[in-house]
Amino acid sequence: MITAEQKPIDEIREMIAPYKKILALGCGSCVAECASGGEKETGMLASALRMAAKMNGEDVRISEMTIDRQCVNEFVIQLDDVIDQYDAILSLGCGAGVQAVADMFPEVPVIPALNTEFMGETKGQGLWVESCLGCGDCMLYDFAGVCPLARCSKHLLNGPCGGSVDGKCEVNPEVPCAWQLIIDRLSKFGALDRLEKIYPPKDWSKKQGAGPRKIVREDQQR
Amino acid sequence: MNDNSQLKSVLEKGDFAVTAECGPPKGADPGVVLKKAEILKGKVDALNVTDNQTAIVRMSSLAACSLLKTAGLDPVLQMVVRDRNRIALQSDILGASALGIRNVLCLSGDHQIFGNQPQALGVFDLDSIQFVQAVKAMRDEGVILGGETLTSPPNLFIGAAANPFADPLEFRVVRLAKKIEAGAGFIQTQCIYNLDRFETWLNMAVDKGLTEKTFILGGVTPLKSPGMAKYMKNRVSGMDIPDDIIKRMEGVPKDKQREEGIRICVETILRLKEMPGVKGVHIMAIEWEDAVGEIVEKAGLLPRPVFS
């Protein structure tokens, strides 16, 4: 999932200040799962903004609406019927959602209410952790299901570095050393010898070789 | 000084090598580097120059190495992969060789979060092992990453670091083997205070025949005070300082603590000299270059060999 956190309310208020009719637009996918931009959070943010506007004597109308996915045009199109009533959209989607909405409605300002963080997992109540960089060339087989690019602070492919102590990372003693996890898992599978070879430099062209990446699937386009 | 690595010559001749460390200044004055050169000349075979250590901005290691070279020392260019991608790293390797620098130590580098630029992007395009391998291919095959040919290869004695005190211990030797396979001709270790753990690691390396394939220089740092020992133990990652060392430092009056630190350091070197597989010592006297001459002398390592 894509994780995100809500921006500070003052920053949001500053961005929406020029507008009088605002649609707070939630997204029912990833950001709902990570409790930052789903229907519930959209309602809470809209209420907080309405209250702040009222206390400051501002004449602003803030409505709310949540669609299933802001990053998919088939869902964004639902805004067609209501968009004329607003002079700005406050999107609680991830960075992709904000841009998909902006792309479909070029005349309407779309303002981000969230800071998009990372691709990660829900680890527990109120806890999300990063686990994938989207490098375009998955190496999780080699490293027994633990990604050293996403989870080692130095992105080492031939770790662990000299800062791994008691299974913890030197950068933050609360963070497990990804390389200790890799070694532990590989030894369980009797595959520790996989780490005796030198992994060559990563081909970063698959991640950021020529601007924004694109997937074209002709079989899906017919 | 001839055009070869003094360090390599000493090691190949079979002498117990001595290297020290020179931290470049947080400023542009070449005089600071040249003064350290003057203090250390004749006391060591080669002098490492740290590369923005602990991620604090300092004079570039390459520039400081060049200054040392002009002062007649044999510099060891430390290069970390934290700040430069593979284009910049390979380019600086060619530049270093062109300036007459003959030793390079390839490192990962302290994470940027520890320094004075915590907002910096950590590059880590290559890791230290891949970097060693790349430099070796440049030198021995005359090719850069991707296989393109150089018009002339760099001439560098390639080194890497090892930390026998980090975890997991068994894997430390695997990683040492990988560094040697990648092309590390010499290894400088993390500061040794826990000689038992060091020997365990070393024996594992000896058993695997690794000490025959590279030159291992044991790292030492003279302690200035018990406070420094505690700070290093608790705050510097991958540092192993046994309590009896700290107690020893605490057991002497304040004005004798530096002496005691030097004494511990000399004792450590004498122990290292007896260990088969240890071919030299790397003295990291942090902002205490004056101590190096005394340590080297007391450890019976003077005079240093001279090659015509």
Side-chain angles (χ1 to χ4, degrees), chain A residues 130 133 135 139 142-144 146-188 190-209, chain B residues 55 80-82 85-86 89-90 107-114 118 122-134 136-137 145-146 160-183 189-191 208 219 234-240:
Chain A
E130 181 168 22
L133 287 191
C135 74
M139 306 178 81
D142 289 318
F143 302 118
V146 178
C147 180
L149 292 173
R151 295 171 65 179
C152 164
S153 302
K154 296 179 180 173
H155 315 313
L156 301 183
L157 290 181
N158 296 283
C161 78
S164 175
V165 175
D166 296 332
K168 301 296 179 191
C169 174
E170 66 172 27
V171 169
N172 180 346
E174 286 176 19
V175 173
C177 168
W179 274 94
Q180 181 73 58
L181 299 175
I182 291 168
I183 290 166
D184 292 347
R185 280 183 67 89
L186 282 174
S187 62
K188 257 180 219 144
L192 211 49
D193 57 343
R194 235 178 258 173
L195 298 185
E196 285 175 18
K197 78 164 200 179
I198 297 172
Y199 283 88
K202 181 76 179 169
D203 178 1
W204 286 112
S205 72
K206 293 192 165 77
K207 180 169 168 64
Q208 50 190 40
Chain B
V80 301
V81 299
R82 175 194 62 220
N85 70 8
R86 64 191 80 180
L89 288 170
Q90 293 178 99
L107 305 165
S108 308
D110 299 308
H111 195 272
Q112 63 275 10
I113 204 83
F114 293 115
V123 177
F124 301 107
D125 179 24
L126 302 183
D127 64 29
S128 58
I129 292 177
Q130 293 161 348
F131 185 28
V132 168
Q133 203 171 36
K136 183 174 192 286
L145 286 168
N163 185 358
F165 310 105
D167 292 323
L169 174 62
E170 299 71 32
F171 202 77
R172 289 292 136 197
V173 183
V174 175
R175 197 148 187 263
L176 175 67
K178 285 175 82 165
K179 289 193 172 184
I180 294 167
E181 190 197 332
T189 76
Q190 176 66 287
C191 314
K208 285 189 183 270
N234 299 325
R235 306 294 288 277
V236 180
S237 56
M239 190 74 74
D240 182 350

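We name chains A, B, ... by the order of the sequence lines, and we start the count at 1 in each one.
B:Arg86 is listed as a side-chain neighbour of A:Trp204, based on a closest heavy-atom distance under 4.5 Å.
Atom CG of B:Asn234 has more than 12 neighbouring heavy atoms from other residues, nucleotides or ligands inside a 6.0 Å radius.
Note that OG of A:Ser164 and CZ of B:Arg172 are 6.0 Å apart. Values are rounded to the nearest 0.5 Å. In this structure, SG in A:Cys161 is found 9.0 Å from CG in B:Asp110, a value given to the nearest 0.5 Å. With rounding to the nearest 0.5 Å, the separation of CG in B:Asp125 from NE2 in A:His155 is 10.0 Å.
Using a 4.5 Å cut-off between heavy atoms, B:Gln133 contacts chain A through its side chain alone, with no backbone atom that close. A:Asp166 touches chain B through backbone and side chain together, each having a heavy atom under 4.5 Å away. Contact of A:Ile198 with chain B is made through backbone and side chain together, with heavy-atom distances under 4.5 Å. Neither the backbone nor the side chain of B:Leu107 has a heavy atom closer than 4.5 Å to any heavy atom of chain A. Using a 4.5 Å cut-off between heavy atoms, A:Pro160 contacts chain B through both its backbone and its side chain. With a 4.5 Å cut-off on non-hydrogen atoms, A:Glu196 touches chain B through its backbone and its side chain both. For B:Ala177, no part sits under 4.5 Å from any heavy atom of chain A, backbone or side chain.
Contact count against chain A (heavy-atom pairs under 4.5 Å) is highest for B:Glu181 among B:Gln190, B:Glu181, B:Gln112.
No side-chain donor-acceptor contact under 3.5 Å links B:Asp167 to the backbone of A:Gly167. Side-chain atoms of B:Gln130 come within 3.5 Å of backbone N or O of A:Tyr199 as a donor-acceptor pair.
B:Phe171 and A:Gly159 make their closest contact through CE2-O, 3.2 Å (heavy atoms, listed as atom of the first residue, atom of the second, distance). Counting all heavy atoms, side chain and backbone alike, B:Arg175 lies closest to A:Leu156 at NH2-CD1, 4.0 Å. The heavy-atom pair separating B:Asn163 from A:Gly162 by the smallest distance is ND2-O, 2.8 Å. Looking at every heavy atom in both residues, A:Lys154 comes nearest to B:His111 through CE-N, 4.0 Å. Annotation for B:Lys178 and A:Asn158: closest pair NZ-OD1, 2.9 Å, computed over non-hydrogen atoms.
With sequence neighbours left out, the salt bridge (Lys or Arg N to Asp or Glu O under 4.0 Å) criterion links A:Lys168 to no other residue.
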